[in-house]
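The structure appears below as structure tokens.
Reckoned from all heavy atoms, side chains included, excluding hydrogens, waters and symmetry mates.
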Amino acid sequence: MPWIVGVSGASGTPYAAAVLRALLAGGESVDLVVSRASRLTLLDETGISFRDAHWRDDLREWLARGADGKPDAFDVDVDGDAVRYWAAGDLAAGPSSGSYPAKGMLIVPASTACVAGVALGLSKDLLQRVASVTLKERRTLVVAVRETPLNGQTLRHLVALDDAGASVVPASPAFYAGATHIQDLVDFVAGRVLDAAGVGHGLYRRWKGELGGGARPA
Ligand SMILES: Cc1cc2nc3c(=O)[nH]c(=O)nc-3n(C[C@H](O)[C@H](O)[C@H](O)COP(=O)(O)O)c2cc1C
């Protein structure tokens, strides 16, 4: 069964790329939904114009890119059956029904608009519809919200999502894991998203109870 990955229009497309790479490297299959707004953030953050008609080529280029913008930093195979793509406007897509088999959904990054839409059950596009379906089917839903500061409205929406059974995983990197590159900080967030979904990975160094483990030599 696949994991459904929803990419909404918050800053943080490298987080989505890191989650997708880790899922595929771990032998998981993925159903991908990319919101209309996220094409703007992807274009801004990577220079890639994501096209429904050429999604495989664009996804290959995106997942190969490092968080520092370097192309061909990763070698990722997106050519087989492991990735299925659904257009955000396609409300008749398979995952829009609870009868479509899926392990759950990871929304990474999640915009505050997406958080609001899912909390209120708006289903304004396929991404939001799949999130609502995931909740009603009592499957795992992880929401990696990316915004700062947060207003009371968004905080209330996040509480509503938590009450509904979702895991809210703010895209907030930590510095105890010895990060030396932007990619390390990205991988930490991606790893915590996968932790919340119970997916194994080796994206970051876990805390071992010893202070100073992340300190760099002078
Ligand atoms: C370059 C750029 C960066 C953005 N960053 C964020 C962000 O970090 N968090 C957020 O909540 N919205 C952000 N937005 C606004 C969302 O894209 C906007 O609210 C959009 O309606 C979200 O739609 P979606 O949830 O359907 O993807 C950003 C927009 C652009 C163009």
When you measure from the side chain of [X] to the backbone N and O of [Y], does any donor-acceptor pair fall under 3.5 Å?
| X | Y | value |
| --- | --- | --- |
| S97 | G94 | no |
| E28 | L24 | no |
| R65 | A17 | no |
| D52 | A87 | no |
| S96 | L91 | yes |
| S8 | S111 | yes |
| H181 | Q183 | no |
| S38 | V34 | no |
| H201 | G191 | yes |

**Message:** If only side-chain N and O atoms count, and only distance matters, is there a donor-acceptor pair under 3.5 Å linking Y85 with D31?
**Reply:**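 Distance-only check fails for D31 and Y85.
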**Asked** So, T13 and E45: side-chain donor and acceptor under 3.5 Å apart, yes or no?
**Response**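 Yes, E45 and T13 have a side-chain donor paired with an acceptor closer than 3.5 Å.
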Determine the minimum heavy-atom distance between [X] and [Y], stating which atoms define it.
| X | Y | value |
| --- | --- | --- |
| T140 | A196 | CG2-O, 4.3 Å |
| L203 | A18 | CD1-O, 4.4 Å |
| A197 | L106 | CB-CD2, 3.6 Å |
| L141 | T134 | CB-CG2, 3.9 Å |
| V108 | A16 | O-CB, 3.2 Å |

How long is the straight-line distance from [atom2] of [Y] back to [atom1] of [X], given to the nearest 0.5 Å?
| X | Y | atom1 | atom2 | result |
| --- | --- | --- | --- | --- |
| S132 | L122 | OG | CG | 8.0 Å |
| T41 | R146 | OG1 | CZ | 10.5 Å |
| L20 | L32 | CG | CG | 6.0 Å |
| D58 | F50 | CG | CZ | 6.0 Å |
| L150 | T154 | CG | OG1 | 6.0 Å |
| D184 | F175 | CG | CZ | 10.5 Å |

Would you say [atom1] of [X] has more than 12 non-hydrogen atoms from neighbouring residues, nucleotides or ligands within 6.0 angstrom?
| X | atom1 | result |
| --- | --- | --- |
| D75 | CG | no |
| K70 | NZ | no |
| R56 | CZ | yes |

Got a salt bridge between [X] and [Y], using NZ or NE/NH1/NH2 to carboxylate O under 4.0 Å?
| X | Y | answer |
| --- | --- | --- |
| R39 | D44 | no |
| R206 | D195 | yes |
| R60 | D77 | no |

**Asked** When clusters are formed by joining ILVMFWY residues with side-chain heavy atoms under 4.5 Å apart, either directly or through shared neighbours, do L161 and I4 land in the same one?
**Response**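 Yes, L161 connects to I4 through the hydrophobic network.
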**Prompt:** Taking the six-membered ring of F74, is the NZ or CZ of R21 close enough (under 6.0 Å from the centre) and on axis enough (within 45°)?
**Reply:**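 Yes, R21 sits over the ring of F74.
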**Request:** Using ring pair (Phe, Tyr, Trp, His ring centres under 6.0 Å) as the criterion, point out the one residue from Y15, W207, Y176 that pairs with F188.
**Result:**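 Result for ring pair (Phe, Tyr, Trp, His ring centres under 6.0 Å) with F188: Y176.
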